[in-house]
Amino acid sequence: MNISSGEPQAPRAVKASSARPMTGNEAFARGAWEAGVKVGAAYPGTPSTEIMENLATYPASDLTAQWSTNEKVACDVAIGASFAGVRALTAMKHVGLNVASDALMSMTYIGANGGFVLIVCDDPGIHSSQNEQDSRYYSRLAMVPTLEPSDAQEALDYTKLAFDLSERFESPIMVRGTTRLCHTRSLVRVGERREDAPKGFVENPDRNVMMPSNARASHPRLLERERNFEEFLNDSNLIRWEPGDTKVGVISLSTPYTYVKEVIPEASVLKLGCSYPLPSQIIRDFAASVERLFVVEELEPLVENEVRAMGLTIDGKKFFPRVGELSPELVREGFVAAGVLEPEDEQPGFDVTDTPRPPVMCAGCPHISSYLSLRALDARVMGDIGCYTLAAVHPLRSIDTCVAMGSSIGNAIGLAKAGGERRPIVATIGDSTMLHSGIPALIDAVYNDVDITVILLDNQITAMTGGQNHAATGKTLRGDRVHRIDFVDLIKAIGVKWVRRVDSYDLSAMLKTFREATEYQGVAVVISDRPCVLDPVKIRGERMEVDAASCVACQACMNLGCPAIMWSDEWYDGHHKVRIDPDGCIGCSLCAQVCPTNSILAISN
Amino acid sequence: MDMAQKVSAETAPGTTPGATPDTTNVLIVGVGGQGVIMVSRVMARIGQLQGFDVKQSEVHGMAKRGGVVFSHVRFGPTVWSPTIPRGKADILLALEWAEGLRWLNYLKKGSGTFIADTRHIVPPFACLDRTRGAKLGYLAEPPGVVLDQVADGYALDATALASALGNHRVSNTVLLGTLSVVIGFAPEIWQKAIAEMVPPRTVEVNLKAFEAGRRWAAAARENPESAREHTLRKPAVLPELEARDFELRITPEWCKGCDICVKMCPERCLSLNALNIVELTEPDRCTGCRICEWLCPDFAIDVIKTLPETASR
Amino acid sequence: MENFEIRFGGSGGQGLQLSARLLADALIREGRKVARSQSYEPTSRGGLSRADLVVAAKRIDYPLITALDVLVLLDQLPVAVSMPLLRPGALVIADARRAGEIPEGDHDLHLLPLSESALALGNERATNIVALGVLAGLGEVCEHDTLETVIRDGVPPRFLDLNLRAFAKGVELGEAGGPGR
Amino acid sequence: MDEISADSFNIRDYLRLELFPHFLCPGCGHGIALRALLWAIHELGIDKNDLAIVSGIGCSGRTGAYIDANTFHVTHGRPLAFATGLALARPDLEVVVITGDGDCLAIGGNHLIHACRRNLNLTCMMLNNEVYGMTGGQASPTTSATRYTTTTQSGSIEPVFDACALAAAAGAGFVGREVTIQTPALKNLLRDAIAHKGFSFVEVLSDCTEIFGRKNDLGESPEMIMTQKSTMRPASYGVVGGNIVDEPFRATNLKTGILTRTDRPEYGAAYRAHAAGIRAARKS
Amino acid sequence: MPSQSTARDLQGNQACALGAVAAGCRFYAGYPITPSSEIAETMSVEMPRAGGVFVQMEDEIASLGAVLGASMGGAKAMTATSGPGFSLKQEHIGYGAGAEIPCVIVNVMRGGPSTGLPTRPSQGDIMQSRWGTHGDHSVIVLAPASVPEIFSETIRAFALSERLRLPVIVLYDEVIGHLVETVEIPAPGTVEVADRKWATGAAESFQPYAVTDDLVPPMARPGDGYRTHTTGLTHLESGFPTQEPECVERITRRISGKLVHHRELIESYEAAGCEDAEIVVCAIGISARAARRAVNAARAQGIKAGLFRPITLWPFPESAFKSATASARTIIVAELNAGQLVLEIERLCGGARQVESIARVDGEPIEPAEIEAKIRELSSHG
């Protein structure tokens, strides 16, 4: 433990001159590199994506960095590297850990040979996810020691440390980030890379082969490791006691710690760099040193409950929300509610109006026509994770469900097996998602002979997370050309008899193909075939413009939800005519295809 | 509660309560694709070059383009929270007008500086309401209304200034020029940071844009009223149409149940009943767009639009 | 002759129709009824051509020729088809140069240098008018003055002089009688 | 802020309501085309008393009867001939011919090309549904290859006419094509066609769902009309031989919109001027 | 303007065209065909002079189509043709009859069938002119036998067509068509121009095919506000189609009834020397001209011969024929075909009289001598 001086202090002594600004994700990657990591594997997922992307910016001679098919595969790849005695990293978002957890649950029994670090990034506030789960439950479930950096410097330092700890405790180590940490840039002092000679594979079947007898023997080791780690924490810099006013003591960790320092700098603070296991004795001592004890943590009251379980009196979620991302304002509000701080004078706000600007699909997004067609077919659509989830809202409004990565096909199978659905049952799934976890479900559909249609929205990239390659783009994380999976071959090999590719920018072909697919008895797969407008190659057709003279303001084109189409200042029949933003338009011509007046034409001359 | 007293005593105008008083908070906002992140990284770099601790925080939303983008930049001797609390921004730099208004309440009421491009980027959702005579959902107040409320305000058509340089995309750098006049620091430091952050082949135009922004700001400071006059974009006044009523009149005896209207209705208002005759089942969604009327081969649907009795026409 | 039938026979392009029309016009001016018919064949030039008039003092019952009283032949072509139609003692006027082989028979043949006269006047195409002049000179069909009047009224001014000289030449030939039977 | 309104057009003002519902099958595009025609008439401000509709035989020909105007339902293939007489005799009337693909291109093909050549001020709206609907679904000159009809039970093997190319080649001053799903565009096209001084030929891609669509598995009416639109590519409106929207994204075949617009002398006016000259010359 | 009539040498086809002009015809549409082409040629000159329209159409079908179209627009309109073209026009003759559109169709007969003898005379369309188009229908056929009569009968054709709202066919043979005879052309404006009965009164209650006293409903002129429907389908008084048996019969009977009701107006004939005739020669056109000379010749020989020449060929002037042949023992029917008119004569005689046929089919007109010989052969003196 590190007991600071009584003065409020910065968590670092970073001199601007010797440091560089880095995001949390950049720092995670740097930390891993400095720690001498040899193998990194991940599946993209906001907010964790840039960790592996940044790791790949370090020399290929230093390390391997790769996109894996899904988080479980990535985790297994890292486990394999650890078996080989090298340091290995896997990174994922919180829901990715659900996928990887199966491997992790065993890895924790086996323990690391080469250092094994798993960075998991939670998304409090759900900026870009399907839930707000708190990954620290996995720490306890898997009994994986979990470090919680609060800024980029700590992200680097803790990651580096995690590898050491992994090897020292022969345990996987989890480092937890949050969206705020991952995407905040702050000054970071960097170090050099250490290169360790590979330890090599250690033949130890009793430990490495998780069969019941071996597993039974391993479980007690976990408990022992938990105790050892807690002891380690007592002498570690990961726990920092910052003495202050003894009337109020605050236990905090991760980014909320910075909010506490911002809002109530005078308080005594116990900063936890590790959320599992907890240093129980230090906590007791700290509690004893202050009159009132608070814990400020994001999402679930994990620390709070464990402290309370120690028999201590502590307040946490009573004052600080359990839902969403914390902020200085919320932390302040909590302390005001707790009677610690005085409320600020209510200042009258500025008198202005708000213009809603929700996320929209891109102009020319090839997904648009698929959902327009599905809407016309009046299909029951099982959605999936990707940009196309936006088709659930206005104006496309054509996705009925969205559960989790790769769930759409399985959901459709269940819906069909349940019977009673009179509409055509369709699963829509992206290319990356299909490879991630759609294939087993598709096999299931063929195997169980179900009458569903699968629309494979092949935009040839992992678009939602910012354009990452995958096995069907023919390029690796580092941009090397590799074998490109052919979806038609793959799907046929699974046993799907009815597979067809269709141009996403040909609306009627879409509609016709979709109709035929839904009328086919059995599993039919339609591949919507146009690349994402942003990646990897920017496609531009002739841009379109509206002939205002003939526009009758029916606004049928507005149904595309294309952000380049908006109202003009001209009117017809009480409605706004439309115009097209020439900078936004990529010339997909879908609007021209739905225009009932032929008023949308290419600016070709 | 001594401490509470103490904390509250520190709450004085012009200071950030609870935070290190000399932290500078700059909130940079705009629309995806405008270069908010570039501006914030330049700002952060400036802070670093001045020897300050710096934090710059952004959140990638679902929208890759056209969505709300914001970036918090804080610099000072010590910076704790990466985010700027509401009402604590010293400077709000908006690359788009409505975005400036969205975040205006993050600005310090009595002392904050507001710098905004008067450019309007109308989001598609502002056109969501397709009912008759619907108003555009983009309802940003004109610059005058805003500048009257802030302590210090600059509203300029940075996009036009940038376009004059031949690249409308460098409007963000124009705004940086204006910002540099407000914040101070030597122009060379700004130029260095800009040159580091922009693509190499755009350095020249970006530096020109920076100068244009500085010149504009200097002129505005000298003669605030004329600058205001000069730069204020015409407010987006929307035509008010008489609220007309409409009615979808279906002639069931003429309908042959071909399903065209049902399938082609953009709002899915119509369906065929048990007798295969069309019915308006979602009247609230109907916008009176007339597509069903046009496409009914049987003339079974009429959209009747009526002016209110008071209307002159 | 009060009632009579007359044929102008030749080949296409010889102006037979004009001759017939001028004669018919003259006869009508003299108060007679005339029905005019013509061969109507696809060929217009070089083939057999004829123009027939049925002339009567009062109403014409049958308008086609049944028995010719007068036959004007400007070419050999119509000779064979026309000879059987001749009424006994019919008047036959033939161009000596182009319709020189007229079979013997009960008719009054006048073989005259019609086309040669026209050639001498400078234009063979005036042969038809020479033939009209012969009819006038012979004095059996139509009055000289009436015919000359219709020629003056009915031919284009620039050909009038030629036609009048041709007509006069024809009259001269007619009055001279020529080699008859 | 020009406020244009469709309010003033009430199609019922142009229909013989006592004859409704009409006889067309469910989803027949002819009805949509009829609306577009009447809308165009309305926009042009043509008094229905001065409007003459001449239609031929077939489903297309029957539509004329529903129009509250001077309507002439004539013989098979010959509406253009009748219309020629009517328009020459009555230049004060606005004469519009409604015909079908079989009516216009097969039995009436000769009249079409000569009407195009003559360039009399007429508008010919040809409703092309690729089939003889009224007689039960036989192949027509526009029945696409491989299509099944009652006379091509194993699929058609005959080449088809591109009616617009035919009309343009024959000299029509105004040639356009449109699909029914673009009703306002069809209206605009018909409006311009009627306003054009000279012979105007407008091919309307109509759908015959009941007889043709079913047999060829082309889907129900909504899909048929949508497919028609997407297999077309619009010629830039108002631009002769204008560019088209297809590259690089669309594989399409026929153009829509105005395909030809040339100001050749209108026959009726030319004839009247010619005749007036003759009369003047005789008087002097 | 001359107020006197003028005598002009006219070809039959020219007389036809000039008769049409005099009758008020202001629309001509035609297609060239021998031996009728001179009508079109003359009309191409006359129509613009008269303020009318001449249009050469792409075929004979289109020609009559255009004529019907012009007539529906209110113009008096005519077309002319010959055998093959007349065959093509049959459908539209039916349309004119069924929809009751006034129009005049001239058929200058030539030898047939098919292309036949384009330049040779024939009278082979006697039956076709009556029965050519399908279904029961009413037409009037006028058969002039001289150039002046072509002129006058063409005028009458327009009058009948306009008054009775039906197609009227002017039928003559190539000989008459190409014959040049003198025609007294009435001074302009002196020919009474018949016009059809136009609709009057309220548009709402107007019935375009109402049953009127004279069985001829008034016609609505486009542009006058009646906005009627005209169709070739069997239609009600309202103009709209019907298949109701009762209505179908009512409509069909009215249309055919027009001819019966207006028989006196329609019928025209020439009966010469029939009062005491034992032998009556019945013929039209050039055959009638030959018959006249033959009858005169026979009379000169003391044979009681007469001539009956229907000028209105269809409907055949039955009662006039019957009275003209009251004293006759023998009827000779002379015609340039294999025997068409003779069928009608046999029908009318019903076996009560001897009916003899002179039917010439060699492309040459019947000569007077041929008929005279027949008369002599059949006379009681012979």
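Order of the sequence lines sets the chain letters (A, B, ...), proteins ahead of strands, with each chain counted from 1. Just so it is clear, the values below take in all heavy atoms, side chains as well, and ignore hydrogens, waters and symmetry mates.
- One N or O on the side chain of A/Glu329 and one on the backbone of B/Arg86 form a donor-acceptor pair closer than 3.5 Å.
- One finds the CD atom of A/Glu325 at 7.5 Å from the OG1 atom of B/Thr83 (value rounded to the nearest 0.5 Å).
- Checking each of B/Pro82, B/Ser71, B/Ser81 against A/Thr184 for a side-chain contact (heavy atoms from CB on, under 4.5 Å) leaves exactly one that passes, namely B/Pro82.
- For A/Pro356, the parts lying near chain B are the backbone and the side chain together; criterion is any non-hydrogen pair under 4.5 Å.
- Rounding to the nearest 0.5 Å gives a distance of 10.0 Å between OG1 of B/Thr78 and NZ of A/Lys261.
- Summarising the geometry of B/Gln48 relative to A/Ala19, their closest heavy-atom pair is NE2-O, 2.6 Å, with the distance given to 0.1 Å.
- Both the backbone and the side chain of B/Leu104 come within less than 4.5 Å of a heavy atom in chain A.
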*For B/Val150 and A/Phe350, what are the C-alpha separation, side-chain angles and deciding distance, and is it a side-chain contact (heavy atoms from CB on, under 4.5 Å)?*
CA-CA 8 Å; B/Val150 296; A/Phe350 290 95; 3.7 Å; yes
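- Note that OG of A/Ser327 is 12.5 Å distant from CD1 of B/Ile84, once rounded to the nearest 0.5 Å.
- When heavy atoms are compared at a cutoff of 4.5 Å, B/Val146 approaches chain A solely by way of its side chain, counted from C-beta outward.
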*Given the rule in the side-chain contact (heavy atoms from CB on, under 4.5 Å) test, do B/Ile121 and A/Arg357 qualify, once you have shown the distances and angles that lead to the verdict?*
CA-CA 10 Å; B/Ile121 298 177; A/Arg357 203 186 290 275; 3.9 Å; yes
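- In terms of the side chain to side chain donor-acceptor pair (under 3.5 Å) criterion, residue partners of A/Arg397 (sequence neighbours excluded) are, by chain and number, A/His394.
- Here CE of A/Met566 is found 9.0 Å from CG of B/Leu136. Values are rounded to the nearest 0.5 Å.
- Here the closest heavy-atom approach between residue A/Gly349 and residue B/Asn105 is recorded as CA-OD1, 3.2 Å.
- Interface remark: of the candidates B/Arg45, B/His168, B/Glu99, B/His72, B/Glu99 forms the most heavy-atom pairs closer than 4.5 Å to chain A.
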*Verify side-chain contact (heavy atoms from CB on, under 4.5 Å) between A/Val263 and B/Trp80, making sure each step is shown before the conclusion.*
CA-CA 9 Å; A/Val263 170; B/Trp80 288 106; over 6 Å; no
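- Distance alone, capped at 3.5 Å, is enough to place a donor-acceptor pair between the B/Glu141 side chain and the A/Thr353 backbone.
- Looking at A/Cys562, the atoms closer than 4.5 Å to chain B (heavy atoms on both sides) all sit in the backbone: N, CA, C or O.
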*Go through the steps for A/Asp378 and B/Arg268 under the test side-chain contact (heavy atoms from CB on, under 4.5 Å), then give the verdict.*
CA-CA 10 Å; A/Asp378 212 12; B/Arg268 286 187 175 175; 3.9 Å; yes
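- The CD atom of A/Glu262 sits 6.5 Å away from atom OG1 of B/Thr23, with the distance rounded to the nearest 0.5 Å.
- Counting only distance, with no hydrogens or angles, the side chain of A/His576 and the backbone of B/Cys127 share no donor-acceptor pair below 3.5 Å.
- If you measure heavy-atom distances from B/Phe114 to chain A, you find no contacts under 4.5 Å at all.
- No side-chain N or O of A/Ser186 forms a donor-acceptor pair with one of B/Gln56 less than 3.5 Å apart.
- Partners of A/Arg515 by side chain to side chain donor-acceptor pair (under 3.5 Å), not counting sequence neighbours, listed by chain and number: A/Glu519, D/Glu223.
- Neither the backbone nor the side chain of B/Leu295 comes within contact range of chain A, judged by heavy atoms closer than 4.5 Å.
- Across all their heavy atoms, A/Thr258 and B/Lys55 have their closest contact at CG2-NZ, 3.8 Å.
- For the options A/Pro596, A/Ala376, A/Pro256, A/Cys182, heavy-atom pairs under 4.5 Å to chain B are most numerous at A/Ala376.
- Using a 4.5 Å cut-off between heavy atoms, A/Pro47 does not touch chain B at all.
- Using modelled atom types, one finds no donor on one side chain facing an acceptor on the other under 3.5 Å when comparing B/Arg102 with A/Thr355.
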_side-chain hydrogen bond (donor to acceptor under 3.5 Å, both in side chains) between B/Ser57 and A/Arg185, intermediate numbers included_ = CA-CA 6 Å; B/Ser57 181; A/Arg185 205 170 260 107; over 6 Å; no
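- Using a 4.5 Å heavy-atom cutoff, the side chains of B/Trp294 and A/Val552 are in contact.
- In this structure, B/Lys263 NZ and A/Leu511 CG are separated by 9.5 Å, a value rounded to the nearest 0.5 Å.
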_Under the criterion salt bridge (Lys or Arg N to Asp or Glu O under 4.0 Å), I'd like the reasoning laid out for A/Glu344 against B/Lys88: C-alpha separation, chi angles, the key distance, then a yes or no._
CA-CA 12 Å; A/Glu344 283 190 289; B/Lys88 300 293 185 277; 3.3 Å; yes
